[in-house]
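Notes follow once the structure below has been shown.
Just so we're clear, the structure is a prediction, and the values are computed from it rather than from any experiment. Protein chains get the first letters and strands the later ones, always in sequence-line order, with residue 1 at the start of each.
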Amino acid sequence: MVSVTDEKKVVSSPPTGFQVVFREFLKDKLAFFSLIAIVLVTIYVFFMAYFVIDNDALMRVSLRDKYAEPGEKFLLGADQGGRDILGQLIIGAKNSMEIAIWITIITGIFGIVVGLICGYFGGWIDNIIMRIIDFFITIPSLMLIIVFVTIIPKYSQWDLILIMSLFLWPGIARLVRSKALSESRRDYVNASKTLGTNDFIIIFREIMPNLSSILIVELTLNFAGNVGIETGLSYLGFGLPPSTPSLGTLVSYARDPLVLQQYWWCWVPASVFILFMMLAINYVGQAFRRAADAKQRLG
Amino acid sequence: MWKTVLRRVVIMIPQLFVLSLLVFILAKFMPGDPFTGLITPETDPARIEELRERAGLNDPWYMQYARWVGNLVQGDLGTSYRFKQPVEDIIGEKGLNTLWLSLLSVILLYLIAIPLGMLAGRYNNSKLDKAIVLYSFISYAIPTFVLALLFLFLFGYTLHWFPTIGSVDVSAVPGSFDWYWSKIYHLILPAITFAILGTTGVIQYLRSEIIDAKSLDYVRTARSKGIPMKKVYSKHIFRNSLLPIAAFLGFTITGLLGGSIFIETIFGYPGMGQLFITSILSRDYSVITALVMLYGFLTLLGSLLSDIIMSIVDPRIRIE
């Protein structure tokens, strides 16, 4: 029996914040399992990559094991140099995820700050920055990233992160700007202005928290997108330098038709891993999105 | 109407100008110049210097830039160091291949997306709708190169349904029926891959459009006149939802251009995307700069096209 007082309690406290997110995940089983899978895989990959796998031993060439089939010695087989695919997969996944996280952080901070400033102040600042953003959105950015990568003589992981961030921040900035624009016309902002609050305190302490749900959704989906772009570039040979293998580098073994056809275990695991990560992250992102938008909620 | 189009075209000019400046600066940063390939131990440095002087490479950068843009506008894109041919000839030939591929992709995209979107919208929340939403979700999340590789492995190498490389069978006589058939046959697999990757937007848009339309007045009027629901869907709702879909065309072109780099490289299809990658690898700068400019121009053209179609379809968004 549910007592009357209990019912009243429920009514008087509408679900907020994490409660909403939690309920959304309980309703959507697929998103729930995706979230658990992502967390477990991430912990496993980072733990193995940093504490268990010996990078030098992994990359040692052993011709006896050339293209060894998946089996007892190598769970997922070995590549042309007799190197374990599973180990490379873990290292590659670690590198790809790290890169994607850094790009998400850099583009996130830059995009959010620029977007908030444009949306809040408007006027000429907004005009100028929006022209720049429009320019970035209409240029063939994939080609320019490739050109940049080829003209930098000895580029490292960090160069790649910076180059990719340069072309990826405008998308976030544009979204944040449009939200900040409508937010900064609200009464609470006007009230705060009348009180004489500093503009930057209004922007970062008052407007930004109100956009946080949208930002979480956007950054989650962006993270998935960044994994896709980095692995794609690495597949083509213009991503991570050869010294830091990525998931894309593993897939790029398939550029050799013989490997593509006969030694499928060299490239299929990495492809499936990318596919799995992209789907799972997108599922989680969609669940966040539904939690952020009351109209779409399931729970 | 024309005001809107004119305004959009005028906005394009500064964007193209900045892009050309960026491409020019990048080209200057690329190591070597057109004569690097000619240098041998016996070459007289003075001779190279003379060649450089005559080609205007010692002029100040703004002079070089002005000359480059002048040539670009006149359609002279320079000479490829790799092919020893004018760049416009090479791009023309490869561009035609990319054009055919894009054309077939767009046709397939709409052939797949429109029925799926219609069905999902009409029977929303049914099992069919859920399956279609799941499909569009997967096609959205999967990276281009992963899907292309999986298709190539499955349909090309394992099932042998489609050729795995090239744009035409080398043994076919150009102009014969076999030759044309072979061309289309080589196009099918890359085009399907492209089409599947592009369907998400159209399906989701059409679906939500139809779900919204169900409760609109004109649908109720049609129903109360006694028109069967089937006809209301195929005539009234379909026509109303289709127009905004046309506006996706421009964005689709933009997406196709970006994807062509992956698809053409993986399927060994000799188009502009593959030309770009091989030019990068062989440091063929005149081709690279020309391609980046061309892609930038086409991307702008794509968004212009979308805006024009939009402003025809929906007069409310016209800029005054």
Of the backbone (N, CA, C, O) and the side chain (C-beta and beyond), which part of A/Tyr283 lies under 4.5 Å from a heavy atom of chain B, both, or neither?
both
Quick one: pull up OG1 in A/Thr138 and CG in B/Leu19 and give me the separation to the nearest 0.5 Å.
8.0 Å
Nearest heavy-atom neighbours spanning B/Ala141 and A/Met278:
O-CE, 3.3 Å
Closest non-hydrogen atom pair between A/Met143 and B/Val292, with its separation
SD-CA, 4.0 Å
Given A/Gly228, A/Gly232, A/Ala270, A/Ser271, the one with more heavy-atom pairs under 4.5 angstrom with chain B than any other is A/Gly232
Taking all heavy atoms of B/Phe145 and all of A/Val251, pick out the closest pair and write down the distance.
CE1-CG1, 3.9 Å
When the 4.5 angstrom heavy-atom criterion is applied to B/Leu154 and chain A, the contacting part is neither
For chain A, the option from B/Ile280, B/Ile261, B/Ile266, B/Thr299 that forms the most heavy-atom pairs under 4.5 Å
B/Ile280
Under a 4.5 Å heavy-atom cutoff, which of B/Val23, B/Ile142, B/Leu300, B/Leu26 has the most pairs with chain A?
B/Leu26
Region of A/Leu236 that comes under 4.5 Å of a non-hydrogen atom in chain B:
side chain
Sort A/Leu144 into side chain, backbone, both or neither according to what part of it lies under 4.5 angstrom from a heavy atom of chain B.
side chain
4.5 Å side-chain heavy-atom contact, B/Phe276 and A/Val147:
yes
Heavy atoms of other groups near A/Phe32 CZ, more than 12 under 6.0 Å
no
Between A/Thr231, A/Leu275, A/Leu221, which residue shows the highest count of heavy-atom pairs closer than 4.5 Å to chain B?
A/Thr231
Chain A contact via B/Leu152 - side chain, backbone, both or neither, heavy atoms under 4.5 Å
side chain
With a sphere of 6.0 Å drawn around CZ of A/Phe276, does it hold more than 12 non-hydrogen atoms of other residues, nucleotides or ligands?
yes
Closest non-hydrogen atom pair, B/Gly258 against A/Leu142
O-CD2, 3.7 Å
Test log, rule side chain to side chain contact (heavy atoms under 4.5 Å, CB included), inputs A/Trp267 and B/Leu150
CA-CA 10 Å; A/Trp267 65 275; B/Leu150 290 175; 4.0 Å; yes
Going by heavy atoms in the side chains, are B/Pro143 and A/Ile274 under 4.5 Å from each other?
yes
Give, as side chain, backbone, both or neither, the part of B/Leu291 having an atom under 4.5 angstrom from any heavy atom of chain A.
both
Minimum heavy-atom separation for A/Phe135 to B/Gln15, with atom names?
CE1-O, 3.5 Å
Among B/Ile138, B/Leu16, B/Leu149, single out the residue with the greatest number of heavy-atom pairs under 4.5 Å to chain A.
B/Leu149
A/Ile139 vs B/Val18, test: side chain to side chain contact (heavy atoms under 4.5 Å, CB included). Steps then yes/no.
CA-CA 10 Å; A/Ile139 56 173; B/Val18 179; over 6 Å; no
Rounded to the nearest 0.5 Å, how far apart are CZ of A/Phe238 and CG of B/Leu281?
4.5 Å
Heavy-atom contact with chain A under 4.5 Å, split by part of B/Ile288:
side chain
Could you tell me the separation between the OG1 atom of B/Thr144 and the OH atom of A/Tyr235, rounded to the nearest 0.5 Å?
11.5 Å
Cut-off 4.5 Å, heavy atoms of chain B, and the answer for A/Ser141 is neither
Which portion of B/Tyr140 sits near chain A, non-hydrogen atoms under 4.5 angstrom:
side chain
